[in-house]
**Student:** 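My questions will all concern the structure given below.
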Amino acid sequence: WDFYLSSSLFSNKPPDLYICVTKNTMPKDLELYTLSEDKNFMCDKNSFFINVRTWSFKEIMVPAYPEKRVYKEIKKQLIERYPAMNGTFLIYEYKDGKKVRMELQ
């Protein structure tokens with residue numbers, strides 16, 4: 001079952017997608033959605049990061065649908081639209097009661 005279809009909308013357990021983008025390859029139209037450098041706790045100092053949930057709230061005022069298949073499509077679309085963008089796509093999800101970080105394949 002999907003998280004939102006399983007009454008997990010407010011459980012804080014659905015996976016989150018973060019995108020780390022090297023500063024010199026950040027597309028201009030995505031800079032608006034980057035978080036401040038002092039909150040950059042998952043990328044190196046030469047990268048900006050985008051929290052896809054925050055991006056979605058800013059853009060369409062609803063959260064992104066938190067499923068890996070949706071995140072894979074977001075990744076695919078961004079790579080197609082911005083081929084010069086050097087990005088790493090990270091998912092944080094809960095496994096056995098702990099938040100685990102993994103790269104989106």
**Student:** Give me the atom names and distance for the closest heavy-atom approach of Pro63 to Ser56.
**Tutor:**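 Shortest heavy-atom separation between Pro63 and Ser56 comes out as C-OG, 3.4 Å.
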**Student:** Excluding sequence neighbours, so at least two apart, what forms side-chain hydrogen bond (donor to acceptor under 3.5 Å, both in side chains) with Asn46?
**Tutor:**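 Applying side-chain hydrogen bond (donor to acceptor under 3.5 Å, both in side chains) to Asn46 gives none.
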**Student:** Checking Lys68 now: which residues fulfil salt bridge (charged side-chain N to carboxylate O under 4.0 Å, His left out) with it, not counting sequence neighbours?
**Tutor:**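 Expected list: Glu93.
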**Student:** Suppose we screen for ring pair (Phe, Tyr, Trp, His ring centres under 6.0 Å). Which residues come up paired with Phe89, at least two apart in sequence or across chains?
**Tutor:**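 Listed in chain order: nothing, the list is empty.
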**Student:** Check which hydrophobic residues are tied to Phe57 through side-chain heavy-atom contacts below 4.5 Å, counting indirect links as well, and list them.
**Tutor:**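 None; Phe57 is a cluster of one.
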**Student:** Looking only at non-hydrogen atoms, find the nearest pair between Arg53 and Pro14 and report the distance.
**Tutor:**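 That would be NH2-O, 4.4 Å.
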**Student:** Looking at OG1 of Thr34 and CZ of Phe49, how far apart are the two atoms once the value is rounded to the nearest 0.5 Å?
**Tutor:**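 Answer for the OG1-CZ pair, Thr34 versus Phe49, is 9.0 Å.
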**Student:** List in chain and number order the residues that pass side-chain hydrogen bond (donor to acceptor under 3.5 Å, both in side chains) with Thr22, two or more places apart in sequence or in another chain; answer none if no residue qualifies.
**Tutor:**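 side-chain hydrogen bond (donor to acceptor under 3.5 Å, both in side chains) list for Thr22, sorted by chain: Asn86.
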**Student:** Could you tell me how the ring of Tyr92 sits relative to the ring of Tyr18: parallel (under 30°), tilted (30 to 60°) or perpendicular (over 60°)?
**Tutor:**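 Correct class here is perpendicular.
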**Student:** Taking all non-hydrogen atoms of both residues into account, name the closest pair between Trp55 and Leu78 and its distance.
**Tutor:**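 So the two residues come closest at CH2-CD2, 3.8 Å.
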**Student:** Working to the nearest 0.5 angstrom, can you tell me the gap between Ile50 CD1 and Ile74 CD1?
**Tutor:**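 The CD1 atom of Ile50 sits 11.0 Å away from the CD1 atom of Ile74.
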**Student:** Atom CG of Asn24 and atom CZ of Phe48: how far apart are they, to the nearest 0.5 Å?
**Tutor:**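 With rounding to 0.5 Å, CG (Asn24) is 10.0 Å from CZ (Phe48).
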**Student:** Among residues at least two apart in sequence or on other chains, which ones pass side-chain hydrogen bond (donor to acceptor under 3.5 Å, both in side chains) with Tyr71?
**Tutor:**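 Partners of Tyr71 by the side-chain hydrogen bond (donor to acceptor under 3.5 Å, both in side chains) criterion come out as none, since no residue qualifies.
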**Student:** Who pairs with Glu31 by salt bridge (charged side-chain N to carboxylate O under 4.0 Å, His left out), at least two apart in sequence or on another chain?
**Tutor:**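 Listed in chain order: Lys28.
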**Student:** How long is the gap from OG1 on Thr25 to NZ on Lys23, to the nearest 0.5 Å?
**Tutor:**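 So the gap between those two atoms works out to 11.5 Å.
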**Student:** Listed by chain and number, what are the side-chain hydrogen bond (donor to acceptor under 3.5 Å, both in side chains) partners of Gln77, not counting sequence neighbours?
**Tutor:**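 Residues passing side-chain hydrogen bond (donor to acceptor under 3.5 Å, both in side chains) with Gln77: Glu73.
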**Student:** Kindly compute the distance separating CG (Leu90) from CG (Leu17), expressed to the nearest 0.5 Å.
**Tutor:**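 Rounded to the nearest 0.5 Å, the CG-CG separation comes out at 8.0 Å.
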**Student:** Can you confirm whether Leu30 sits close enough to Arg81 that some side-chain heavy atom of one is under 4.5 Å from a side-chain heavy atom of the other?
**Tutor:**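 A side-chain contact is absent here, since even the closest heavy-atom pair is not under 4.5 Å.
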**Student:** What pairs with Leu32 under side-chain contact (heavy atoms from CB on, under 4.5 Å), at least two apart in sequence or on another chain?
**Tutor:**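 Applying side-chain contact (heavy atoms from CB on, under 4.5 Å) to Leu32 gives none.
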